[in-house]
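In what follows, a structure is listed as structure tokens, so that the remarks can point back to it.
Since we're looking at a predicted model, the values are computed, not measured.
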Amino acid sequence: MTVEPTSEAHSRILRRRGSLVLALFALLWAVNGAWGISSSRGVLLPGVAAVVVVTAAVTGFGLRAAPLLAGERPRRLPSGWNRSIGLVNLGQVAAIVLSGTLLGLAGVPELGPSLVCLVVGLHFVPLARLCDQPQYRWTAVLMTGVAVIGCVLLAADTSGGGTRAAVGLGAAAVLWGTSVHLAVRG
């Protein structure tokens, strides 16, 4: 496998793009978590507003302030890395759809957030190498931990609301943290 070093400018673009994508997916997880806290508008709307503000702050930091703080390093990307990332993401989507379908057929859809979090966490394992981002390894570990915590909580709270909140907000926190770390440390 050939390794292609990137220029500093290309590395900066990749880092900013990754930081932005992570922050946006964190927003989706956080909104999902907010829905788990309460479906009443009195709690839900401020919760969603709060996660939008946090995501905007993380994204703004990643796009504006972090480039001034970050040290640049060229990425060492394997040949065909872009295609490989697409295949990893396609596999992730397929695993999520399949697991959701199977959980629905088995009558346990409340396991969905934890299982999706596990799949998302595991997809960071190959991305760490493909993107030359070692911090994605700890992202994988933390997301997997959030998924396990969600399963434990579900055993205690069969309604699923608390699990959805814990998994959604936990996954969001991991992705926001990775987004900031990626923006600052590259």
Side-chain angles (χ1 to χ4, degrees), residues 16-63 66 85-86 88-125 127 133 135-183:
R16 289 177 69 179
R17 184 179 304 154
S19 180
L20 178 63
V21 168
L22 289 168
L24 293 177
F25 275 104
L27 174 64
L28 295 176
W29 277 106
V31 168
N32 189 38
W35 277 99
I37 292 171
S38 174
S39 59
S40 74
R41 293 184 115 174
V43 174
L44 181 62
L45 293 178
V48 170
V51 299
V52 168
V53 168
V54 170
T55 301
V58 168
T59 303
F61 177 79
L63 295 177
I85 289 172
V88 167
N89 288 332
L90 183 63
Q92 173 192 230
V93 169
I96 288 170
V97 169
L98 178 63
S99 64
T101 302
L102 293 175
L103 289 175
L105 291 173
V108 287
E110 57 277 353
L111 273 173
S114 295
L115 192 54
V116 169
C117 188
L118 177 65
V119 170
V120 171
L122 293 176
H123 111 287
F124 278 100
V125 173
L127 290 183
Q133 294 295 343
Q135 64 268 51
Y136 285 171
R137 289 186 191 106
W138 59 259
T139 303
V141 169
L142 291 172
M143 292 289 283
T144 301
V146 169
V148 169
I149 290 168
C151 289
V152 169
L153 289 174
L154 188 59
D157 170 28
T158 56
S159 70
T163 301
R164 184 177 190 170
V167 171
L169 297 175
V174 170
L175 293 177
W176 280 324
T178 305
S179 176
V180 169
H181 188 267
L182 182 61

Calculate, to the nearest 0.5 Å, the distance between atoms NE2 and CD1 belonging to H123 and I85 respectively.
9.0 Å

Could you point out which residue of V180, V174, L175 forms a side-chain contact (heavy atoms from CB on, under 4.5 Å) with L22?
L175

Distance col, row N32:CG vs L169:CG, nearest 0.5 angstrom, shows 9.0 Å

Inter-residue atom distance S99.OG - L111.CG, 0.5 Å rounding:
10.0 Å

Taking all atoms of both residues into account, what is the closest heavy-atom pair of M143 and V120, and its distance?
CE-CG1, 3.6 Å

Compare every heavy atom of F124 with every heavy atom of A140, then report the nearest pair and how far apart it is.
CB-CB, 3.9 Å

For the pair L182 and Y136, evaluate side-chain contact (heavy atoms from CB on, under 4.5 Å) and give the outcome as yes or no after the intermediate values.
CA-CA 9 Å; L182 182 61; Y136 285 171; 3.6 Å; yes

Atom of S19, atom of S179 and distance for their closest heavy-atom approach
O-OG, 2.7 Å

Atom pair CH2 (W29) and SG (C117), whose distance is rounded to the nearest 0.5 Å
4.5 Å

Atom CG of L103 and atom OG of S114: how far apart are they, to the nearest 0.5 Å?
9.5 Å

Atom CG of L24 and atom CG of L20: how far apart are they, to the nearest 0.5 Å?
4.5 Å

Okay, side chain of T144, backbone of L118: is any donor-acceptor separation there less than 3.5 Å?
no

Which atom pair, heavy atoms only, marks the closest approach of V146 to A166?
CG1-O, 4.3 Å

Step-by-step side-chain contact (heavy atoms from CB on, under 4.5 Å) determination, L127 to Q133:
CA-CA 7 Å; L127 290 183; Q133 294 295 343; over 6 Å; no

